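Source: prediction; values computed, not measured.
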Amino acid sequence: MESKLKQYAEKLVEAENTRIGTDPLTSVDLELTVREAYHIQLENIQRKLEQGQKIVGKKIGLTSLAMQNLLGVDEPDYGHLLDGMVVENGGQISFEQVLQPKVEAEIAFILKKELRGPNLTTLDVLQATDYVVPALEIVDSRIKNWKITLADTVADNASSGFYVLGGKPTKIEDIDLELMGMVLTKNGEQVNTGVGAAALGNPAKCVAWLANKLAEFDISLKAGEVILSGALSAAEAAQKGDTFTARFAHIGQVSVRF
């Protein structure tokens, strides 16, 4: 079993290194479970830590009902954020670094206290949050043509690519997370709008789900970590030359170029 999971982990590493997508793992192994997929993810995260990268946070995916319905699941998933994924606000991502990128606008939570599940609530998250900022997540799949099931995206570190933080650090008590509006533009044209409630009704609820889910693997969310709480609208495909900007009510804007 362990050797099989290591073999799948290596397939994803090869796809990332060569920029050539691999076949869905679930097309090779019809019985691959989500729990096994998380172990594949952790195998590759450990590999990157041994190469000198550092975990700086976590990301939550599949927080919208539309995305859950698309993959036939009833809960989100998560991945790890590494320091090699950070892009400066207004910065540029080379197409030589990505395979098939898409851009999502999210609210990022920066923690001041550790969150260790299980049984955490939204209130626990609010009390543990130092501040929030606007974020762009660049999701990218090492699976050919985004032909993913839940197990495929989980194994592939929840299809993580890069992320950008912007705006101004804002305390939770100064905003309404559920009602916060967002407008995403691509090359100056509006392509998406969203609101905080699009992420499980409240982005903080997503963070609570994450902390409770991680308890199954004896992992906690640590003080200082960045938590990307889930997309507020659909992911937009990126092409070379594109510029994306997300503007959030009260907390500012964030942008990235390709």
Side-chain angles (χ1 to χ4, degrees), residues 1-63 67-68 70-85 97-102 115-118 137-163 206-207 209-222 225-228 230 235:
M1 172 69 74
E2 191 175 323
S3 63
K4 175 185 82 169
L5 298 184
K6 286 195 172 184
Q7 181 184 347
Y8 295 156
E10 284 166 7
K11 276 180 176 290
L12 293 169
V13 170
E14 183 182 2
E16 184 175 359
N17 290 338
T18 61
R19 303 292 161 197
I20 299 171
T22 189
D23 290 327
L25 301 183
T26 51
S27 70
V28 177
D29 184 347
L30 297 177
E31 297 181 354
L32 183 69
T33 68
V34 173
R35 188 165 185 86
E36 287 173 334
Y38 276 119
H39 283 293
I40 294 169
Q41 178 186 135
L42 289 169
E43 172 78 23
N44 278 340
I45 292 300
Q46 184 59 38
R47 188 185 300 232
K48 293 194 175 190
L49 295 179
E50 289 167 1
Q51 292 168 353
Q53 293 200 47
K54 294 183 176 65
I55 294 172
V56 293
K58 310 287 188 301
K59 63 148 288 185
I60 309 163
L62 306 181
T63 51
M67 285 303 294
Q68 289 182 14
L70 188 67
L71 291 188
V73 299
D74 59 3
E75 69 173 22
D77 69 345
Y78 73 86
H80 290 73
L81 301 178
L82 300 164
D83 55 356
M85 299 177 179
Q97 297 174 280
V98 289
L99 282 82
Q100 43 193 348
K102 299 173 186 273
L115 282 169
R116 181 178 288 277
E137 185 187 359
I138 294 81
V139 291
D140 198 9
S141 182
R142 272 56 64 172
I143 307 293
K144 281 180 191 169
N145 303 317
W146 281 97
K147 298 292 186 188
I148 55 174
T149 67
L150 178 60
D152 291 306
T153 185
V154 165
D156 190 24
N157 196 27
S159 304
S160 298
F162 296 91
Y163 73 94
C206 301
V207 180
W209 173 87
L210 173 62
N212 291 331
K213 183 71 175 178
L214 286 170
E216 296 176 19
F217 299 90
D218 196 29
I219 297 172
S220 67
L221 302 179
K222 297 178 174 56
E225 284 196 331
V226 175
I227 312 299
L228 300 183

Under the side-chain contact (heavy atoms from CB on, under 4.5 Å) rule, collect the residues that match up with Val226, sequence neighbours excluded.
Leu81, Ala108, Ile110, Tyr163, Leu165, Leu228

Across all chains, not counting sequence neighbours, the side-chain hydrogen bond (donor to acceptor under 3.5 Å, both in side chains) partners of Thr153 are Ser159

Val139 vs Lys59, test: side-chain contact (heavy atoms from CB on, under 4.5 Å). Steps then yes/no.
CA-CA 10 Å; Val139 291; Lys59 63 148 288 185; 3.9 Å; yes

As a quick check of understanding, evaluate side-chain contact (heavy atoms from CB on, under 4.5 Å) for Leu5 and Leu32, giving each step before the final call.
CA-CA 9 Å; Leu5 298 184; Leu32 183 69; 4.1 Å; yes

Show the nearest heavy-atom pair for residues Met85 and Ser160, with the distance to one decimal.
CE-CB, 4.1 Å

Can you check whether Ser141's main-chain N or O pairs, donor with acceptor, with Asp156's side chain at less than 3.5 Å?
no

Out of curiosity, Ile45 CD1 to Ile40 CD1, how far, rounded to the nearest 0.5 Å?
13.0 Å

Measure across Cys206 and Thr63 and return the closest heavy-atom pair with its distance rounded to 0.1 Å.
SG-CG2, 3.7 Å

Do you know which two heavy atoms are closest between Asn157 and Gly79, and how far apart they sit?
OD1-CA, 3.2 Å

Name all pairs fulfilling the ring-ring contact (aromatic ring centres under 6.0 Å, His included) condition that reach into residues 138-159, sequence neighbours left out, sorted by first residue then second.
none

Check side-chain hydrogen bond (donor to acceptor under 3.5 Å, both in side chains) between Lys144 and all other residues, then give those that pass, not counting sequence neighbours.
Asp23

Listed partners of His39 passing ring pair (Phe, Tyr, Trp, His ring centres under 6.0 Å), at least two apart
Phe217

Sequence-distant partners of Gln46, side-chain contact (heavy atoms from CB on, under 4.5 Å), two or more places apart:
Leu49, Glu50

If the condition is ring pair (Phe, Tyr, Trp, His ring centres under 6.0 Å), which residues does Phe162 pass it with, not counting sequence neighbours?
none

Give the C-alpha distance, both sets of side-chain angles, the deciding distance and a yes or no for side-chain contact (heavy atoms from CB on, under 4.5 Å) between Leu115 and Ile227.
CA-CA 11 Å; Leu115 282 169; Ile227 312 299; over 6 Å; no

Identify each donor-acceptor pair in which a side-chain atom of residues 9-19 lies under 3.5 Å from a protein atom, sequence neighbours left out, and give them as a table.
from	atom 1	to	atom 2	distance (Å)
Glu16	OE1	Lys48	NZ	3.0
Glu16	OE2	Lys48	NZ	2.8
Asn17	ND2	Val13	O	3.4
Thr18	OG1	Glu14	O	2.7
Thr18	OG1	Ile20	N	3.3
Arg19	NE	Glu16	O	3.3
Arg19	NE	Glu96	O	3.4
Arg19	NH1	Gln97	O	2.8
Arg19	NH2	Gln97	O	3.2

Could I get the full list of side-chain hydrogen bond (donor to acceptor under 3.5 Å, both in side chains) partners for Asp152, not counting sequence neighbours?
Thr26, Thr149

So how far is it from Ile219 CD1 to Tyr38 OH, rounded to the nearest 0.5 Å?
10.0 Å

N/O donor-acceptor pair under 3.5 Å between Asp140 side chain and Leu99 backbone
yes

Could you list all the salt bridge (Lys or Arg N to Asp or Glu O under 4.0 Å) pairs where at least one residue sits in residues 209-218, not counting sequence neighbours?
Arg35-Glu216, Glu75-Lys213, Arg116-Asp218, Lys213-Glu216

Treating Gln100 as the side-chain partner and Ile143 as the backbone partner, does any N or O pair qualify as donor plus acceptor under 3.5 Å?
yes

side-chain hydrogen bond (donor to acceptor under 3.5 Å, both in side chains) involving Tyr8 - partner list, sequence neighbours excluded
Asp29

Kindly write out the residues that satisfy salt bridge (charged side-chain N to carboxylate O under 4.0 Å, His left out) with Glu225, not counting sequence neighbours, or none if the list is empty.
Lys58

